[in-house]
J.: 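Have a look at the structure that comes next, please.
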Amino acid sequence: MLDPKKLLETLNPPQQDAVTHGDGPLLILAGAGSGKTRVITSRIAWLISQHGVDPRGIVAVTFTNKAAAEMRERAESALGHDISGAFLGTFHSFGLRILRMHAAEAGYPPSFVIYDTTDQRALVRQISRDLKVDEKEFPARQAIAIISEAKTDLISPSAMLADSHSPAAKTWAEIYREYEKRLKRAGAMDFDDLLVQVIYLFRKHPHIQEKYAQRTQHLLVDEYQDTNPIQYLMIRALAGERRNVCCVGDEDQSIYSFRGADIRNILDFERDYPDARVIKLEQNYRSTSTILAAASAVIRNNMDRHDKKLWTGNPEGEKIALHQARDDREEADLVIADMLHVSRQGHTSLRDMAILYRTNACSRLFEDRLVQKNVPYRVVGSLRFYERREIKDVLAWLRMVVQPHSDQDFLRAASVPPRGLGEKTLASVREIADRNGVSYHEATLDALRHPDALPSRAIKPLTNFIAMIRDLTTFVSSMKTKDALEQIIETIGYERYLEKSFPTDFRSRIENLGALINAAAEHDEKGAPEALAGFLDRVSLRSDTDDVEGEQGPLLMTIHSAKGLEFDHVYIVGFNEGLFPHQLSLSTPEGIEEERRLVYVAITRARRRLVLSMAQLRYNFGNAVRTLPSPFLAEIPAEVLRSTRYAPPTRKSAPTPVSRHRTPAAGTAKRAGELTYVKDAPDYSGEGAPEPGMKVRHPKFGQGLVLNIRGTGAGTTVEIRFKDYGLKRVMPKYVPLLPPE
């Protein structure tokens with residue numbers, strides 16, 4: 001049986017007020033490390049044991065099954081018995097429960113199925129084929145993202161179609177309309193429907209909404225700052241006239257707008273419920289007062305927030321170390337060296353340390369250094385760098401150039417980007433290879449000599465694929481690794497493929513390609529013989545040593561993945577302008593404020609020691625560019641910082657900076673360079689081949705001046721000095737050159 005005195009004596013006064021609040025709306029503003037989970041679970045126990053609430057009248061929603069399970073376990077531990085009648089789970093599981101009970105009213109069979117992402121893609125691809133839609137122009141992934149966004153905004157297919165003002169927009173709307181029709185026909189819902197259909201159900205049948213509002217005696221919402229518009233409507237509907245809604249959150253930790261989270265939900269709580277009680281949890285139990293002072297100083301510069309004054313009874317702790325390296329490679333060396341030094345001193349285990357970065361592409365340097373030092377590590381929330389799809393795709397093409405008889409790389413390169421080589425065609429190639437005991441590449445060459453062995457429609461795409469491998473092999477065999485990778489990515493149109501196939505995260509994938517090119521440039525600087533093969537060997541050996549046995553080491557993760565976690569020692573790396581704030585967030589005040597919240601979340605992950613690291617130069621697609629410290633650094637009080645300038649290790653030559661860098665959006669300049677046109681240089685007309693001295697335009701690189709032409713016919717390569725990209729060699733066969741604008 002719950003002892004109320006014992007429960008309350010473990011809580012501070014504001015926590016006690018939040019737990020013992022009776023009826024009516026309640027907003028708990030829980031600062032970082034202020035014990036919000038303890039408060040929400042203690043409140044559930046208090047409502048049941050002291051406030052007389054039937055467990056069946058408790059609904060507590062959160063965002064992950066893990067958080068829901070922990071909530072239930074801690075509430076039941078406080079009560080001393082189970083609360084099986086209460087609902088503690090995710091928004092989606094609660095929506096599913098309602099829809100199962102009212103499937104008929106929602107227009108679905110009781111046994112409706114739920115389509116996962118794989119099912120959605122298969123359905124969209126079938127629709128595209130039936131509508132005779134070019135899947136390259138309208139990829140399934142992008143269709144799913146557009147449909148999901150429309151559903152979250154409660155936009156119907158007919159409304160989208162009516163608002164379509166271009167042929168492309170109309171096509172997306174038609175795919176959406178057919179998608180919804182076929183879902184209904186199949187008696188299926190997708191993941192978004194588990195929330196959206198509840199709202200439609202409540203609007204169509206108000207008595208059902210009233211039934212659940214009456215049944216929900218007390219509604220508790222965890223991480224309220226992360227709710228989207230549909231979840232907001234769901235909360236309002238369940239609160240009903242009783243309005244016993246308790247929302248727990250912290251707008252200073254709202255960092256998921258890219259997932260649809262709307263910070264206005266928590267900021268406008270008092271507008272929605274004018275009689276709401278607001279309780280602030282401002283005592284931090286996690287961090288030292290020095291770390292907390294830095295976090296508080298940064299976040300108070302945001303305008304869209306409630307005023308909170310976080311404090312702690314913890315010791316002052318050591319000052320925040322500010323490490324300044326010459327370049328990002330040295331930054332990685334020094335962070336890992338510092339980490340190992342602290343571990344050897346016995347102050348903190350490696351497993352209690354974390355490296356936090358703004359984007360996944362930043363992990364590559366730190367992963368490489370940890371492997372070199374034979375230190376085990378864990379990457380959270382993402383694949384290890386060399387296991388990421390886009391990295392494996394490009395490396396498959398590079399291996400085909402070095403060794404065209406690699407069967408697995410042949411199959412991957414034949415499929416990505418798509419080149420009209422379907423499963424039947426590749427099955428024919430495999431059959432020929434197995435019958436003759438040769439590689440897939442050799443089997444394809446043999447088949448093209450005897451085209452009767454292949455489906456007629458397969459001959460042209462196979463011929464083009466083999467020609468592309470041959471041309472690339474000839475073209476890049478004598479190049480440096482960095483240049484070879486850049487040429488492969490450009491020739492196969494890989495960035496365009498990423499943009500169409502991964503609309504929600506293609507920018508981060510392109511950043512990963514930049515990190516791969518940086519690795520290649522680092523390899524080239526070592527002057528290793530057989531540059532391409534040597535690089536592939538290094539990558540293969542590195543992958544083999546990824547899983548080092550022994551004690552679990554430090555965690556590497558983005559700040560988004562780190563939310564909700566805490567560590568004794570935290571390294572926030574890449575603390576430079578362009579990453580903090582990220583270049584893509586500079587266009588709006590809201591974007592800057594979310595970036596500041598990211599810094600706040602990162603700082604407050606640290607319990608005892610925090611290190612900020614930055615570099616004067618950072619490599620971007622293989623080129624060293626000057627960077628500035630993060631502007632957020634100026635918001636941290638100087639008295640809590642301890643600046644450290646490392647003596648750089650001996651290096652034959654320093655990298656030559658190209659320009660002050662602001663991280664480019666996908667498709668913008670990757671390197672700077674001045675273009676001096678020959679006086680009165682003629683413009684290329686677009687007819688025939690350009691000649692040296694002519695000004696031309698490339699679809700991606702923009703304006704340039706032709707310097708040299710090599711080869712003839714399909715094997716022609718053109719050397720061009722581009723205004724924003726410097727010297728490039730391009731193959732007009734694959735990317736035609738255009739007249740200047």
Side-chain angles (χ1 to χ4, degrees), residues 17-29 39-63 68 71 75 83 85-106 152 154 194-249 262 264-279 306:
D17 289 344
V19 167
T20 59
H21 172 77
D23 293 339
L26 171 65
L27 177 63
I28 302 174
L29 296 173
V39 169
I40 197 169
T41 54
S42 297
R43 176 162 174 76
I44 292 171
W46 182 272
L47 287 172
I48 293 172
S49 66
Q50 306 300 311
H51 204 59
V53 178
D54 188 323
R56 291 172 294 182
I58 296 286
V59 174
V61 287
T62 186
F63 283 85
M71 197 184 297
I83 50 173
F87 178 87
L88 283 74
T90 65
F91 281 95
H92 289 86
S93 60
F94 189 67
L96 176 59
R97 172 180 289 195
I98 294 173
L99 292 169
R100 285 290 183 209
M101 294 291 295
H102 302 280
E105 293 95 330
T152 301
L154 295 179
L194 298 182
L195 300 181
V196 172
Q197 293 302 328
V198 171
I199 300 304
Y200 286 144
L201 174 70
F202 285 171
R203 289 181 175 180
K204 186 177 180 181
H205 301 283
H207 69 281
I208 296 178
Q209 180 262 322
E210 180 61 25
K211 169 186 172 182
Y212 282 95
Q214 287 296 325
R215 183 179 297 179
T216 304
Q217 297 181 48
H218 277 268
L219 173 64
L220 300 97
V221 184
D222 190 19
E223 303 287 7
Y224 187 55
Q225 77 279 351
D226 294 334
T227 53
N228 66 24
I230 293 296
Q231 289 156 343
Y232 169 83
L233 291 175
M234 209 167 162
I235 292 164
R236 294 277 288 175
L238 292 172
E241 293 182 3
R242 185 183 278 121
R243 301 163 65 257
N244 286 337
V245 55
C246 168
C247 292
V248 184
D262 188 347
R264 303 308 312 178
N265 292 349
I266 190 168
L267 292 176
D268 292 342
F269 188 87
E270 294 165 90
R271 182 203 65 188
D272 295 335
Y273 303 97
D275 58 333
R277 186 178 181 191
V278 179
I279 296 175
H306 295 88

J.: With a 4.5 Å cut-off on side-chain heavy atoms, are Ile199 and Leu154 touching?
T.: yes
J.: Which heavy atom in Ile48 sits nearest to a heavy atom in Pro55, and how many Å separate them?
T.: CG2-CG, 4.1 Å
J.: Please report the closest heavy-atom contact between Asp275 and Pro25, naming both atoms and the distance.
T.: OD1-CG, 3.6 Å
J.: For Cys247, run the side-chain contact (heavy atoms from CB on, under 4.5 Å) check against Ile266, Val221, Leu219 and tell me which one passes.
T.: Val221
J.: Taking atom OG1 of Thr216 and atom CZ of Phe87, what is their separation to the nearest 0.5 Å?
T.: 10.5 Å
J.: Measuring from atom CG of Leu99 to atom CZ of Arg97, what distance do you get when rounded to the nearest 0.5 angstrom?
T.: 12.5 Å
J.: Does NZ or CZ of Arg215 lie under 6.0 Å from the centre of the six-membered ring of Tyr212, at an angle within 45° of the ring axis?
T.: yes
J.: Do Val196 and Thr152 have side chains that get closer than 4.5 Å, going by heavy atoms?
T.: no
J.: Going by heavy atoms in the side chains, are Leu233 and Phe202 under 4.5 Å from each other?
T.: no
J.: Kindly compute the distance separating OH (Tyr232) from CG (Asp272), expressed to the nearest 0.5 Å.
T.: 3.0 Å
J.: What pair of heavy atoms forms the shortest contact from His21 to Arg43, and how long is it?
T.: O-NH1, 2.5 Å
J.: Please give me the minimum heavy-atom distance between Ala213 and Ala237, naming the atom from each residue.
T.: CB-O, 3.6 Å
J.: Taking all heavy atoms of Ala106 and all of Leu201, pick out the closest pair and write down the distance.
T.: N-CD1, 3.9 Å
J.: Using side-chain heavy atoms (C-beta onward) and a distance below 4.5 Å, is Gln217 in contact with Ile58?
T.: no
J.: Just by distance, do the side chain of Arg277 and the backbone of Gly24 share a donor-acceptor pair under 3.5 Å?
T.: no
J.: Sequence neighbours left out, what passes salt bridge (charged side-chain N to carboxylate O under 4.0 Å, His left out) with Arg203? Give chain and number order.
T.: none
J.: Does a side-chain heavy-atom distance below 4.5 Å link Leu88 with Ile44?
T.: yes
J.: Nearest 0.5 Å please: distance from the CZ atom of Phe94 over to the CG atom of Leu238.
T.: 5.0 Å
J.: Parallel, tilted or perpendicular: which one describes the rings of Phe269 and Tyr273, with boundaries at 30° and 60°?
T.: tilted
J.: Kindly compute the distance separating SG (Cys246) from CG (Asp222), expressed to the nearest 0.5 Å.
T.: 9.5 Å
J.: Within this structure, what is the CG-CG distance for the pair Leu267 and Asp262, rounded to the nearest 0.5 Å?
T.: 9.0 Å
J.: Please identify which of these residues, Leu195, Leu194, Val198, meets the side-chain contact (heavy atoms from CB on, under 4.5 Å) condition with Ile230.
T.: Leu195
J.: Quick one: closest heavy-atom pair of Ala68 and Thr62, and the distance?
T.: N-CG2, 3.6 Å
J.: Side chains of His207 and Glu105: does their closest heavy-atom pair fall under 4.5 Å?
T.: no
J.: Going by salt bridge (charged side-chain N to carboxylate O under 4.0 Å, His left out), name the pairs with one or both residues in residues 44-56, residues two or more places apart or in two chains.
T.: Asp54-Arg56
